[in-house]
2 protein chains.
Amino acid sequence: MKKTKREKLEAAGWAVGSVKEFLGLSEADTVLIEMKLALSRSLRDRRKKYGLSQVQLAERLHSSQSRVAKMEAGDPSVSMDLLVSSLLLLGASSADLADAIRGAEKRTGPRAA
Amino acid sequence: MKKTKREKLEAAGWAVGSVKEFLGLSEADTVLIEMKLALSRSLRDRRKKYGLSQVQLAERLHSSQSRVAKMEAGDPSVSMDLLVSSLLLLGASSADLADAIRGAEKRTGPRAA
DNA sequence: GAACTATATGTCACATCAGACATATAGTCA
DNA sequence: TGACTATATGTCTGATGTGACATATAGTTC
């Protein structure tokens, strides 16, 4: 079964080195976390840029100070949806979000691939 | 966090740019939906590019065919986290995701990612 | 020191999302 | 026709995210 699936994959055009993307679940997880952290930093930067406290931002988001703190801390209980919608409510454009996300590739050491 | 029925209508409609005014969606809500739709399209494109069925993709994501269908349909029950992590498992890079997201504003027709 | 502000952390009830399953629809082919 | 494949849709239950609250920590001003 698995052999068949893999054969189909490679026959469909997967580069040999890229097939590991399917198997490397933890690698995808890492990139996802990096993306969230990038959005977290972007949120904090944007909040400070407008001179808002976490409480003031929470009011604007109809949320709470503790959740804003967790958003900025990259807490696992914060979803990407919440981060993105919060950034949008702070005036970010989709291009701004794209910029924040673009550099979030996984980093395994001092050098980035 | 108010959504659900609006998103359901919108996801079913596909005339996103005009639905915003029809339903009176906020700009942030609209952009978030557009971003999710952009990721949905990107997921479908990527799956087809590798010649996978929804069932085959579901197996690799450790998910189900119905959820893959909902992801690609832009169903409101699908989170951005799920879309992004699925794309990452399909080999997308953070730069790929940035590209998909960047054009998600003021879009009125389909486009490949 | 007290009082005040800003941020962080832990917990909880409730809402939302997840995978799974059944089933419906649509297209293909013998 | 019927069998087969791919995709879509509805719903259930367990898992996860959310806002709210209490409380802790840190810095500032008096």
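Labels below follow one simple rule: chain letters A, B, ... track the order of the sequence lines, proteins then strands, and each chain is numbered from 1. Predicted model only: the values in this text are computed from it and were never measured.
One can place CG of B/Leu82 at 13 Å from C1' of C/dT16, the figure rounded to the nearest angstrom. Look at CD on A/Gln56: it is 12 Å from P on C/dT5, rounded to the nearest Å. Atom P of nucleotide D/dA6 and atom CG of B/Leu57 are separated by 13 Å, given to the nearest angstrom. With rounding to whole Å, A/His62 atom NE2 is found 10 Å from D/dA20 atom P. The CG-C1' distance, from A/Asp75 to C/dT9, rounds to 9 Å in whole Å. At whole-Å resolution of the value, CG in A/Leu83 and P in D/dT16 are 18 Å apart. One interatomic measurement links the two molecules: CD of B/Gln54 to C1' of C/dG27, which rounds to 14 Å at whole-angstrom precision. Atom CD in A/Glu59 sits about 14 Å away from atom P in D/dG19, given to the nearest Å.
Heavy atoms of A/Val78 sit under 4.0 angstrom from primed sugar atoms or phosphate atoms, though from no base atom.
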Run B/Ser42 and B/Asp45 through side-chain hydrogen bond (donor to acceptor under 3.5 Å, both in side chains) and show every step you take. CA-CA 5 Å; B/Ser42 186; B/Asp45 291 347; 6.0 Å; no
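In this model, no side-chain donor or acceptor of A/Gln65 finds a partner on the base of C/dA6 within 3.5 Å. With hydrogens and angles ignored, no donor-acceptor pair closer than 3.5 Å exists between the side chain of A/Ser64 and the base of D/dC21. Residue side chain A/Lys70 does not reach the base of D/dG17 through any donor-acceptor N/O pair under 3.5 Å, judged by distance alone.
The side chain of A/Ser79 lies closest to D/dT18, out of C/dA8, D/dT7, D/dT18.
Within the 4.5 Å cutoff, the side chain of B/Arg47 has no heavy atoms near those of the B/Gln56 side chain. For the pair B/Leu82 and B/Leu61, the minimum side-chain heavy-atom distance is 4.5 Å or more. Side-chain contact between B/Leu39 and B/Met71 is absent, with no heavy-atom pair separated by less than 4.5 Å.
Judged by closest nucleotide on DNA chain D, A/Lys36 is the one of A/Lys36 and A/Ser63 placed further toward the 5' end. Residue-to-nucleotide proximity on DNA chain C shows that, of B/Met80 and B/Ser66, the 5′-proximal contact is made by B/Met80.
For A/Asp96 and A/Ser93, the side-chain atoms include at least one donor-acceptor pair closer than 3.5 Å.
Contact between the side-chain N/O atoms of A/Arg47 and the OP1/OP2 oxygens of C/dT7 is found at a separation under 4.0 Å. For C/dC12, neither phosphate oxygen OP1 nor OP2 lies less than 4.0 angstrom from any side-chain nitrogen or oxygen of A/Arg67.
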